[in-house]
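Just the heavy atoms: all of them, side chains too, but no hydrogens, waters or symmetry mates, feed the values below.
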Amino acid sequence: MPDPGTDPLHVVIVGGGFAGMGAARRLARDDRVRVTLIDRNNYHQFQPLLYQVATSQLASSHIAFSLRKMFRKHANVAVKMADVAEVDPATRTAVTTDGDRHTGDVLLLAAGSRPNFFHTPGAEEFAFPLYSLLDATRLRSRIIAVFEAADRDPALIDRGVLNLVIVGGGPTGVEMAGALADLIEETLSIEYHDLAVSAARIHLVDRGDALLGPFSDKAHEYVQRVLTRKGVHLHLGVAVTEIGAGHVTLGDGTTIATRCVIWGGGIMAPDVARAEALPHGHGGRVEASPDLTVEGADGVYAVGDMANIAGPDGRALPQLGSVALQSGVWAAENILAGLDGRPRRPFAYRDKGIMAMIGRGAALAEVGPRRRELHGLPAFLAWLGVHAVLMTGARNRVETFIDWGWDYLSRSRGPQVLDRTGAVEIDWGEDVSPGRGGAAAEERAPA
């Protein structure tokens, strides 16, 4: 540790998500601290709204906020755009893919997560995950691309081009299914004059028997009812066994022809968490002590999605933006407590509830200390309010509310611009057989 009377405490933060940003913003207000914030992007991304970017409801700029702009008034924070390849807990060093080494008095690990494909054959190669802004823009272009292809050649409809398959019945999968259904019904059906948009099929697959598992049985019935009414085909209690260039195979033998598979099947720790000196737990995540330090690694903290942080019942808290943000701020407070000679405090998460959007006017929320459950419009409004508060930047909030209001009142979304054509090139001649998809024969199971 540096001399408190001379050199500032140097804190190296790996990751600019909710946890890293929360920690950096708290530490930025203390002149006794110097922060180096490292992220592969030069912006903070609001992950809960990625699905709205993917379905053309929000512009990318609405959910991304420049990290340099965020800390422009704080000379004690240096933002470094770099990809961290490895960390050395013993020396509190982060090593980038460029070979740069950033060593601090404190190392705060907040590198988020990455998709967990659960060793599903073909998933990493052919599925579209939805965990970053880049993922969202690639997926948006793929969705638009399949409709453009069908408009050019309607014969592709009977070959599954308009079958959209979502893997995972958690918040990501459910919110994506509802938003896709609204996009197709309210926007694409109007904009494509010569295309039978009604031939589009959305399939939601989950190996569990209910969607949005953490909610009540009543909520499970509600979300299934809403999605079914929107035309979403539910495949529950069945796993995806293989994903190919033009199909998805389920555990019951069903094959769905498709050129767009959206992966929301789960997350795991990023590669940087694999350092042998770090204690690992479920999902490969780093085990955090109650005060968010890492046992056996002096001066190292683990927060956010890459950490297993125990709740009051001893079970790991869920990978949520609110958990990440609060843990990042709490770690910063414990770092400052060390400067003041105060003891570090165990992390106490303030659970504000869980919620999920299912589409226009439809949402679920469990709020308050007694976890009161809300359905429909009240939950929809609660969801809007909570997510607007969590967003960074007044301008982003205003622009997002304008888009939400315009979408809700006019039933018209932003322009469906195919701006990533290089990422959506599709060979329509491979791995697609007539009769395996489309309105007339959208799936095939063995006799």
**Message:** I want to check something: taking the side chain as every heavy atom from C-beta on, are Ile354 and Leu320 in contact at a cut-off of under 4.5 Å?
**Reply:** yes
**Item:** Nearest atoms (heavy-atom pairs only) where Ile13 meets Ala23
**Value:** CD1-CB, 4.1 Å
**Item:** Pair Leu211-Leu204, side chain to side chain contact (heavy atoms under 4.5 Å, CB included): steps then yes or no
**Value:** CA-CA 10 Å; Leu211 302 173; Leu204 178 57; 3.8 Å; yes
**Item:** Intermediate values then yes/no, side chain to side chain contact (heavy atoms under 4.5 Å, CB included), Leu133 and Asn41
**Value:** CA-CA 10 Å; Leu133 190 57; Asn41 304 306; over 6 Å; no
**Asked** When rounded to the nearest 0.5 angstrom, what distance separates CD in Gln52 from CG in Leu183?
**Response** 11.5 Å
**Asked** Hey, is the main chain of Ala257 close enough, under 3.5 Å, to the side chain of Asn163 for a donor-acceptor pair?
**Response** yes
**Prompt:** Can a donor-acceptor pair be found between the side chains of Thr254 and Asp252 at a distance below 3.5 Å?
**Reply:** yes
**Request:** Could you grab the distance from atom CZ of Phe126 to atom CZ of Arg259, nearest 0.5 Å is fine?
**Result:** 9.0 Å
**Request:** Please say which of Gln57, Arg360, Lys230 ends up in a side chain to side chain donor-acceptor pair (under 3.5 Å) with Asp182.
**Result:** Lys230
**Prompt:** Is the side chain of Thr36 donor-acceptor paired with the backbone N or O of Val12 at a distance under 3.5 Å, no angle test?
**Reply:** no
**Message:** Checking Gln319 against Ser113: is there a side-chain donor and acceptor pair closer than 3.5 Å?
**Reply:** no
**Request:** Count the heavy atoms belonging to other residues, nucleotides or ligands that lie under 6.0 Å from CG of Asp298, then report whether that count exceeds 12.
**Result:** no
**Request:** First locate atom CE of Met268, then atom CG of Asp305, and finally report the distance between them rounded to the nearest 0.5 Å.
**Result:** 13.0 Å
**Request:** Return yes if some donor-acceptor pair links the side-chain N/O of His220 with the main-chain N/O of Leu212 below 3.5 Å, else return no.
**Result:** yes
**Item:** Met306 vs Val14 side-chain heavy atoms within contact, under 4.5 Å
**Value:** no
**Asked** What's the shortest heavy-atom distance between Pro279 and Val294, and which atoms?
**Response** CD-CG1, 3.4 Å
**Prompt:** Does the His102 side chain pair with the main chain of Ala94, one donor and one acceptor, at a distance under 3.5 Å?
**Reply:** no
**Prompt:** Do the charged groups of Glu333 and Arg26 touch, with an N to O distance under 4.0 Å?
**Reply:** yes
**Ion pair check, Asp105 and Arg92, cut-off under 4.0 Å** = no
**Asked** Under 3.5 Å, side chain of Arg72 to main-chain N/O of Lys69, donor-acceptor pair present?
**Response** yes
**Prompt:** Below 4.5 Å, heavy atoms only, C-beta onward: do Leu162 and Phe147 meet side chain to side chain?
**Reply:** yes
**Message:** Any side-chain to backbone donor/acceptor pair from Thr187 onto Ile184? Under 3.5 Å, distance only.
**Reply:** no
**Message:** Is the shortest side-chain heavy-atom distance between Arg140 and Ser60 below 4.5 Å?
**Reply:** yes
**Prompt:** Of the non-hydrogen atoms in Leu107 and Asp88, which two are nearest, and what is the gap between them?
**Reply:** CD2-O, 4.5 Å
**Message:** I'd like to know if the side chain of Asp291 and the backbone of Arg344 have a donor-acceptor N/O pair within less than 3.5 Å.
**Reply:** no
**Complete:** All heavy atoms of Ala110 vs all of Val303, minimum pair found to be CB-CG2, 3.7 Å
**Request:** May I ask you to decide if Ala269's main-chain N or O and Arg114's side chain share a donor-acceptor pair within less than 3.5 Å?
**Result:** yes
**Request:** Quick one: pull up CD1 in Ile262 and CZ in Arg142 and give me the separation to the nearest 0.5 Å.
**Result:** 10.5 Å
**Request:** Specify whether His203 and His235 have parallel, tilted or perpendicular ring planes, treating 30° as the upper limit for parallel and 60° as the lower limit for perpendicular.
**Result:** tilted
**Prompt:** Does the side chain of Met21 reach to within under 4.5 Å of the side chain of Leu325, using non-hydrogen atoms?
**Reply:** yes
**Request:** Show your working on side chain to side chain contact (heavy atoms under 4.5 Å, CB included) between Asn334 and Tyr301 and close with a plain yes or no.
**Result:** CA-CA 10 Å; Asn334 277 344; Tyr301 290 75; 4.0 Å; yes
**Complete:** All heavy atoms of Pro89 vs all of Ala277, minimum pair found to be CG-CB, 3.9 Å
**Prompt:** Is there side-chain contact between Leu164 and Val146, with heavy atoms separated by less than 4.5 Å?
**Reply:** yes
**Prompt:** Taking the side chain from Gln47 and the backbone from Gly321, do they hold a donor-acceptor pair closer than 3.5 Å?
**Reply:** no
**Asked** Which of parallel (below 30°), tilted (30 to 60°) and perpendicular (above 60°) describes Phe347 and Trp330?
**Response** perpendicular
**Message:** Under a 3.5 Å threshold, yes or no: a donor from one side chain and an acceptor from the other, between Ser322 and Tyr349?
**Reply:** yes
**pair Val261-Val167: side-chain heavy atoms closer than 4.5 Å** = yes
**Message:** With rounding to the nearest 0.5 angstrom, report the CD to CD1 distance, Glu175 to Ile166.
**Reply:** 11.0 Å
**Request:** Specify the closest pair of heavy atoms between Asn76 and Leu27, including all atoms of both residues, with the distance to one decimal.
**Result:** ND2-O, 3.7 Å
**Request:** Just say parallel, tilted or perpendicular for the rings of Phe118 and Trp263, cut-offs at 30° and 60°.
**Result:** tilted
**Request:** Working to the nearest 0.5 Å, report the span between CZ of Arg101 and OG1 of Thr103.
**Result:** 6.0 Å
**Prompt:** Side-chain donor-acceptor pair under 3.5 Å between Thr96 and Asp98, yes or no?
**Reply:** no
**Request:** Return yes if some donor-acceptor pair links the side-chain N/O of His280 with the main-chain N/O of Leu278 below 3.5 Å, else return no.
**Result:** yes
**Prompt:** For Glu185, does the CD atom have more than 12 heavy-atom neighbours from other residues, nucleotides or ligands under 6.0 Å away?
**Reply:** no
**Request:** Show your working on side chain to side chain contact (heavy atoms under 4.5 Å, CB included) between Val174 and Leu364 and close with a plain yes or no.
**Result:** CA-CA 11 Å; Val174 167; Leu364 283 170; over 6 Å; no
**Request:** Would you indicate whether the side-chain heavy atoms of Val35 and Phe71 approach each other to under 4.5 Å?
**Result:** no
